[in-house]
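A quick write-up on the structure given underneath.
Everything quoted here is computed from the prediction, not taken from an experiment.
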Amino acid sequence: MSIVQKRGALIVLEGCDRAGKTTQCKRIVEHLTQSGRKAKFMNFPDRSTDCGKLINSYLTNKDNFTDEGIHLLFTLNRWEARKQMEQLLQDGTTLIVDRYSYSGVAFSSAKGLDMEWCKAPEAGLLKPDLVILLTLTAEALAKRGGFGEERYEVPEFQRRVMGKFAELRDDTYWRQIDADKGQDELTVELSELVLGTIDACGHRALGKLW
């Protein structure tokens, strides 16, 4: 009797800039790998692609685009990775992703673009099995190293972004976690959520956004 291979889980960490998403994503992947599970770290924007290089120039204030134009570049950057992501997931690899479509929609709509317009080009991308929204107070955020180095790292703008995340939040697959704690404590909390999701979604079909 053949055994049907379980697919991997698509896990996304979202939140304001400097909330510790990248660090925690990498720590979760390490934890999963050490426990014998296949896992891979991914992040958006992927600045290594041609599209990603244009985005990097924008984020580091070397280039300017219209709000609509940069939103579509971010969306294209995710579409570039869709096929690879699906193949990895079907192969049983869990993807731990630093930012995804929700960031694209939250940041662009925080700049004044219509939220439904922002969501439209993301439709059809893979739907995460779990979105973890990391939150920080403004005071805790200001203490984080490196904050303010890139275009969007302005406290008032970050507050607007978090308000947009609240509008996008869907409690059927989102979990909000306070990130103002020690790295080890946070990694343990997040890893428990991730492991539970991996076990629960292995035989479910991959969904699509919106």
Side-chain angles (χ1 to χ4, degrees), residues 3-46 74 77-78 81-107 122 125-137 140-141 144 161-162 164-210:
I3 299 175
V4 178
Q5 175 178 281
K6 291 184 178 181
R7 70 166 174 88
L10 177 54
I11 313 288
V12 171
L13 268 67
E14 291 283 15
C16 57
D17 290 332
R18 308 293 173 176
K21 296 179 299 302
T22 304
T23 297
Q24 289 301 324
C25 281
K26 292 178 177 179
R27 287 170 71 105
I28 293 167
V29 168
E30 182 180 5
H31 177 78
L32 293 174
T33 302
Q34 288 176 349
S35 67
R37 296 174 185 261
K38 292 194 292 185
K40 179 179 174 63
F41 167 74
M42 297 185 76
N43 67 298
F44 292 104
D46 176 356
F74 272 101
N77 195 238
R78 287 182 279 275
R82 187 195 185 285
K83 185 176 180 181
Q84 180 198 18
M85 291 173 69
E86 184 167 2
Q87 289 174 339
L88 287 165
L89 290 164
Q90 297 293 10
D91 187 45
T93 300
T94 286
L95 301 181
I96 308 296
V97 183
D98 177 7
R99 292 207 182 283
Y100 196 52
S101 297
Y102 312 99
S103 276
V105 174
F107 276 74
E122 310 280 337
L125 289 172
L126 297 174
K127 180 182 177 181
D129 298 293
L130 172 67
V131 176
I132 299 173
L133 181 65
L134 296 182
T135 62
L136 278 175
T137 64
L141 182 62
R144 293 289 171 110
V161 168
M162 291 307 292
K164 297 300 181 181
F165 277 130
E167 292 182 43
L168 289 167
R169 179 175 167 177
D170 180 342
D171 288 337
T172 62
Y173 66 107
W174 284 53
R175 297 293 180 271
Q176 183 169 310
I177 303 294
D178 180 6
D180 192 14
K181 59 191 69 169
Q183 286 189 0
D184 290 344
E185 181 184 355
L186 184 56
T187 301
V188 169
E189 185 175 358
L190 299 182
S191 294
E192 288 178 357
L193 280 174
V194 168
L195 286 168
T197 301
I198 293 172
D199 291 339
C201 76
H203 293 303
R204 291 204 306 255
L206 288 167
K208 294 181 180 179
L209 276 181
W210 323 132

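- Donor-acceptor pairing under 3.5 Å is lacking for the side chains of Q183 and T23.
- For the pair L133 and I177, the minimum side-chain heavy-atom distance is 4.5 Å or more.
- Separation of atoms CG (L125) and OG (S101) is listed at 4.5 Å; rounding is to 0.5 Å.
- Classification of the Y100-F44 ring pair by plane angle, with boundaries at 30° and 60°, yields tilted.
- By the 4.0 Å N-to-carboxylate-O rule, R7 lies too far from D91 to be salt-bridged with it.
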Verdict with reasoning, Q84 to K40, per side chain to side chain contact (heavy atoms under 4.5 Å, CB included): CA-CA 12 Å; Q84 180 198 18; K40 179 179 174 63; 4.1 Å; yes

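- What you find for C201 and G8 is that their closest heavy atoms are SG-O, 4.3 Å.
- Rounded to the nearest 0.5 Å, atoms CZ (R37) and CG (L32) are 7.0 Å apart.
- Expressed to the nearest 0.5 Å, how far CD1 of I28 lies from CD of E30 amounts to 11.5 Å.
- Interatomic distance, H203 NE2 to K6 NZ, rounded to the nearest 0.5 Å: 4.5 Å.
- Across E192, K26, R27, a single residue satisfies side-chain hydrogen bond (donor to acceptor under 3.5 Å, both in side chains) together with T187, and that is R27.
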After noting the C-alpha distance and the side-chain angles of E122 and R78, does the key distance pass the salt bridge (Lys or Arg N to Asp or Glu O under 4.0 Å) rule? CA-CA 8 Å; E122 310 280 337; R78 287 182 279 275; 2.8 Å; yes

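- Using a 4.5 Å heavy-atom cutoff, the side chains of T22 and L13 are not in contact.
- Within 6.0 Å of the NZ atom in K38, the count of heavy atoms belonging to other residues, nucleotides or ligands exceeds 12.
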I would like to know whether L89 and L206 meet side chain to side chain contact (heavy atoms under 4.5 Å, CB included); could you show each step before the answer? CA-CA 9 Å; L89 290 164; L206 288 167; 3.8 Å; yes

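- The shortest distance between side-chain heavy atoms of M42 and I96 does not fall below 4.5 Å.
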Side chain to side chain contact (heavy atoms under 4.5 Å, CB included) between L10 and V97: does it pass, once the steps are laid out? CA-CA 8 Å; L10 177 54; V97 183; 3.7 Å; yes

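- Closest non-hydrogen pair, Q90 versus Q5, comes out as O-NE2, 3.0 Å.
- Within the 4.5 Å cutoff, side-chain heavy atoms of K21 are placed close to those of L134.
- Ion pairing of D46 with R99 is absent here, as no side-chain N (NZ or NE/NH1/NH2) approaches a carboxylate O to less than 4.0 Å.
- Between the OG atom in S35 and the CD1 atom in I198 there is a gap of 7.5 Å [rounded to 0.5 Å].
- Side chains of L209 and P128 form a contact here, defined as non-hydrogen atoms less than 4.5 Å apart.
- Atom CG in L130 sits 4.0 Å away from atom OG1 in T197 (nearest 0.5 Å).
- Heavy-atom minimum distance, A39 versus V29: O-CG1, 4.0 Å.
- Smallest separation of non-hydrogen atoms from V194 and I132: CG2-CD1, 4.4 Å.
- Here E167 pairs with K164 in a salt bridge; the nearest charged N to carboxylate O distance falls below 4.0 Å.
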Trace of the side chain to side chain contact (heavy atoms under 4.5 Å, CB included) decision for W174 with F165: CA-CA 11 Å; W174 284 53; F165 277 130; 4.2 Å; yes

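- Listed here is the closest heavy atom pair of L126 and E86: CD1-N, 3.8 Å.
- Closest of all the heavy-atom pairs between Y173 and D129 is CB-O, 3.7 Å.
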